[in-house]
Protein chains: 2
Amino acid sequence: MAEKGILTVVSGFSGAGKGTVMKALTERFEGYALSVSATTRAPRPGEQDGREYFFRTKEQFQKMIAEDALIEYACYVSHYYGTPREYVECRLAEGKDVLLEIEIQGALKVKKRYPDALLVFIMPPTAAELRARLIGRGTETEEVVKRRLKRAAEEAEGMEAYDYILVNDTVEACAQRLHRLIQSQHMRASVNKDCIERMKRELEEINAGTLS
Amino acid sequence: MAEKGILTVVSGFSGAGKGTVMKALTERFEGYALSVSATTRAPRPGEQDGREYFFRTKEQFQKMIAEDALIEYACYVSHYYGTPREYVECRLAEGKDVLLEIEIQGALKVKKRYPDALLVFIMPPTAAELRARLIGRGTETEEVVKRRLKRAAEEAEGMEAYDYILVNDTVEACAQRLHRLIQSQHMRASVNKDCIERMKRELEEINAGTLS
């Protein structure tokens, strides 16, 4: 049986580059699976069911809620978004390290349900750099940039709740650090209970003279 | 000011190769300091005060205990052994990642005093391999090997108390994993409170228009 994967929740300010870092991580290293969210919003041109999102009707989504088929969910701008439990748990059982990109409220719900989940917050080196990146996108109005910076200040209040803080200085370096961090989690005592039990059993057998 | 170092406590069965792994770690990578213990036992030929141990009289040692100058101490075969606090705290303040090789009781005392300390347990791949390594040393009588294996079974009961379990399959690979694990700890939210506060302050300033 494959060793169980590590569930990692990645959050960060809009503009911190977490999407780019996760893309680099999954492209450069083997063994990762990006969780796919379910949503009730309509697919945009080019979006494919099961790739960008699982597209569901409101009724289907509410049924998922009722059946506890979502690890967490939230409602934004009158549309539901949530993390299907089955997809995540299947990938973890296969031994994949699953990445979940969600906001703090969702992150805390995941941690409650999966205490071994790793909560990672990605931030830019400085707030000035964050603003520069938001402006640099060239696609956001000044109003949107301002709103995102206000939102970032609110989100910063929750940073202590995360296990690890990663500074996204360069995408490559940040993806590599995230990779090493996740790989280190495979050595956590709490996810190696079987291995500890096996060692105890073997030592008992050796001491009893039943293991030659 | 240098970023504060990470304090890592390494334990493991006699024969698990923890000494060799720590030697490889400090030789291959920069930035580590091995804690030097204080002891009341007499120096052996070739041992140097402040290198292998800080050699102290019983009176000096008891004074250190009374003055809270030891992080932890224990008594083995009528000799005291302990970890001088000043040495560890100075190296950490300098930004060195400090390694402490002690047994579980000491490890738990360190964790209580330094909640951010990383407790690592190094074990061989299998119990049979542990026995083979103990026999392979060629320096131990059958009686000593038996006693060490019995002791290993007792120590295994405490493994769950550690944060991470490292399998010492090869010294090089194990030292590398230990290095990456310790480096990951520099990203822990709990050791980056200053960095979080700085980001909050900068975002406030940007939103207030006082940071240009």
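Only a predicted model underlies this, so the values are computations on that prediction, with no experimental measurement involved. Numbers restart at 1 for each chain; the letters A, B, ... are given by sequence-line order, proteins then strands.
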With a 6.0 Å cut-off (strictly less than), is the heavy-atom count around [atom1] of [X], excluding the residue itself, greater than 12?
{"X": "A:Glu67", "atom1": "CD", "answer": "yes"}
{"X": "B:Glu86", "atom1": "CD", "answer": "no"}
{"X": "B:Arg51", "atom1": "CZ", "answer": "yes"}
{"X": "A:Tyr73", "atom1": "OH", "answer": "no"}

How long is the straight-line distance from [atom2] of [Y] back to [atom1] of [X], given to the nearest 0.5 Å?
{"X": "A:Arg131", "Y": "B:Leu203", "atom1": "CZ", "atom2": "CG", "value": "10.5 Å"}
{"X": "B:Leu130", "Y": "A:Glu202", "atom1": "CG", "atom2": "CD", "value": "10.0 Å"}
{"X": "B:Tyr162", "Y": "A:Ser190", "atom1": "OH", "atom2": "OG", "value": "15.5 Å"}

Segment of B:Leu119 engaging chain A (4.5 angstrom heavy-atom cut-off)
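Neither the backbone nor the side chain of B:Leu119 comes within 4.5 Å of chain A.
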
Interchain contact, [X] with chain B, by part (heavy-atom threshold 4.5 Å):
{"X": "A:Glu129", "answer": "neither"}
{"X": "A:Met123", "answer": "side chain"}
{"X": "A:Phe13", "answer": "side chain"}
{"X": "A:Pro124", "answer": "both"}
{"X": "A:Asn207", "answer": "both"}

Heavy-atom pairs under 4.5 Å with chain A are the metric here; pick the option from B:Ala189, B:Pro125, B:Ala152 that has the most.
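When all of B:Ala189, B:Pro125, B:Ala152 are compared, B:Ala189 has the most.
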
Quick one: of B:Lys146, B:Arg201, B:Met187, who has the most non-hydrogen atom pairs under 4.5 Å with chain A?
B:Met187

Which atom pairs, donor and acceptor, lie under 3.5 Å between side-chain atoms of residues 14-25 of chain A and protein residues at least two apart or in another chain?
unit_1, atom_1, unit_2, atom_2, d
A:Ser14, OG, A:Arg148, NE, 3.4
A:Lys18, NZ, A:Gly12, O, 3.1
A:Lys23, NZ, A:Glu27, OE2, 3.1

Identify the residues of residues 100-117 of chain B whose heavy atoms come closer than 4.5 Å to a heavy atom of chain A, ordered by number, or report 'none'.
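So far as heavy atoms go, nothing in residues 100-117 of chain B approaches chain A to under 4.5 Å.
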
Taking the side chain as every heavy atom from C-beta outward, state whether A:Thr126 and B:Arg198 have any atom pair closer than 4.5 Å.
yes

Residue by residue, scan residues 173-186 of chain A and write down, ordered by number, those that have a heavy-atom distance under 4.5 Å to chain B; if none do, write 'none'.
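Within residues 173-186 of chain A, the residues that come under 4.5 Å of chain B (heavy atoms only) are A:Arg177, A:Arg180, A:Leu181, A:Ser184, A:Gln185.
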
Which residues in residues 153-161 of chain A have any heavy atom lying under 4.5 Å from a heavy atom of chain B?
A:Ala153, A:Ala156, A:Glu157, A:Met159, A:Glu160

